[in-house]
Asker: 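Starting off with a structure, shown below.
Atoms within a ligand are numbered from 1 in the order they appear, just like the ligands themselves. Here the structure is a predicted model, which is why all the values come from computation and not from measurement.
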Amino acid sequence: MIKSNISLNYLRKLFIKVKNVLLVAHPSPDIDCLSAMKVIKKILNDYFYKKVTLYSKDPLNKNFIEIFNFKENEFINKLEDTISKFDCIIAIETGNYKRFLEALNLENNNYQEILKDKIILNFDHHASNDLFGSYYYVDTDACSINEALYDIIVDTEINIDEEIAKYIVMGIISDTGGLKYSSLTSKSLKILSELRNLVNWSEIFYKINKKSINEYKILSVFYDRLKIEEKIAYSYILKSDLEKFNLNLEDVNNIIENVDYLSEVEIYFSVIELQENKTKVSLRSRNIPIRKIAEDFGGGGHNLAAGFRIKKDPFQTIDTLLPILKDTLKNGVF
Ligand SMILES: [Mn+2]
């Protein structure tokens, strides 16, 4: 379903009207989000001649910097007074207004005053999006924000060159776990088919999945701690593990995918310690929707793949979450 309060025709008019655009990534931006930022930046630069600034509160994963060939100053990570110079802010997959403010580091500031004259455009494909902003375009059927962007690009009659094609294909491949999630639709495949001959297919897979030796080694720690209780599997990574292997959160963000094929399991989750009493949970389910559980903890995502951050240590987090998941499994619905 496309939830939107702006026609594609008006969106084009808006792109003509705005002057200085800030593109905002969600916290810990993933490949889909960064691909979309590259696509939107290129379109606004090349077709609308706009100045575009990329912003991410969190540092980018070093693999992503390599994948996208980001230049050293291509992203800013602090706004402070500079926010006043932008007349338009485009949020990419920031989910809800609270998370948007968090991404901008504005939660504790006088954000109403700071944002009052700005056009805020909210692009997303997550059902948990709360439709904030002056305008929103949320396509919950799209497996990737890039799939949603594809429609906008085609409608705007913008030529999809090799660069744009590469980003759209990367977004779709990465957000579907390498085309394996059921979020992949026939439409996604149609888009991939359209763009197939513009991209180097195997190189995209290599780039997305490339791992350092330490990323492989920390997997052994993750596997070693893996437990299954009543069809629920979980494991955890501590801050000290990351330090030991000289890795960042971004390097283990998707570690949960490494147990996607674990048998005898209905729900599985990873717990990653961010700092003292701050933990990140990635939650996956084979059949039973778990998105609402993530939302209840202030996070979000999709029915079968969601996540949240919590102010507890990893062990307290597991103790809190496990009984809720066991109940969910018992009741079959949430
Ligand atoms: Mn996405």
Side-chain angles (χ1 to χ4, degrees), residues 1-4 23-41 43 54-58 60-61 63-64 67-68 90-96 99-100 102-103 121-133 136-153 164-185 187-189 191-192 195 204-205 207-209 249-250 253-257 260 280-285 289-291 294-295 299-309:
M1 195 206 310
I2 296 175
K3 300 174 194 167
S4 176
L23 277 184
V24 178
H26 65 71
S28 307
D30 61 3
I31 291 177
D32 190 32
C33 176
L34 295 172
S35 294
M37 290 176 96
K38 276 284 202 185
V39 170
I40 296 172
K41 184 185 177 186
I43 289 170
L54 303 182
Y55 168 84
S56 169
K57 171 186 154 182
D58 292 332
L60 302 188
N61 174 320
N63 287 346
F64 296 173
I67 290 174
F68 291 96
I90 303 182
I92 313 292
E93 305 188 290
T94 56
N96 54 49
R99 227 169 149 233
F100 169 70
E102 191 189 311
L121 207 57
N122 164 12
F123 278 125
D124 206 342
H125 67 112
H126 297 89
S128 52
N129 193 290
D130 68 358
L131 311 180
F132 70 89
Y136 54 84
Y137 187 94
V138 180
D139 183 355
T140 56
D141 293 330
C143 68
S144 140
I145 185 63
N146 283 276
E147 181 174 322
L149 284 179
Y150 178 85
D151 286 343
I152 295 173
I153 294 168
I164 292 179
K166 181 175 77 183
Y167 297 135
I168 292 175
V169 170
M170 271 199 320
I172 291 176
I173 291 176
S174 69
D175 251 27
T176 55
L179 311 182
K180 72 187 179 194
Y181 298 153
S182 48
S183 58
L184 185 83
T185 60
K187 188 176 155 197
S188 329
L189 287 168
I191 295 171
L192 293 178
L195 303 181
I204 287 178
F205 273 83
K207 277 186 168 174
I208 289 175
N209 296 303
L249 166 67
E250 286 74 24
N253 244 337
N254 298 321
I255 203 160
I256 188 67
E257 286 174 12
D260 276 347
K280 180 180 187 260
V281 175
S282 297
L283 197 53
R284 300 287 183 274
S285 171
I290 37 78
R291 176 165 60 91
E295 284 175 2
H302 304 281
N303 279 342
L304 302 181
F308 62 90
R309 291 178 180 213

Asker: Where the Mn ion (ligand 1) is the centre, what is the NE2-to-OE2 angle for His125 and Glu93, rounded to 10°?
Answerer: 80°

Asker: Closest to the Mn ion (ligand 1), which N/O/S atom of Asp32 is it?
Answerer: OD2

Asker: Looking at Asn122, Asn96, Thr140, which one forms a side chain to side chain donor-acceptor pair (under 3.5 Å) with Asn129?
Answerer: Asn122

Asker: Is a salt bridge present between Lys187 and Asp141, judged by a nitrogen-to-oxygen distance below 4.0 Å?
Answerer: no

Asker: Whether the Ser28 and Arg309 side chains hold a donor-acceptor pair (N or O, under 3.5 Å, no angle test) is what I'd like checked.
Answerer: yes

Asker: Is the distance from the Mn ion (ligand 1) to some N, O or S atom of Asp175 under 2.8 Å?
Answerer: yes

Asker: Taking the six-membered ring for Trp, are His125 and His302 parallel (under 30°), tilted (30 to 60°) or perpendicular (over 60°)?
Answerer: tilted

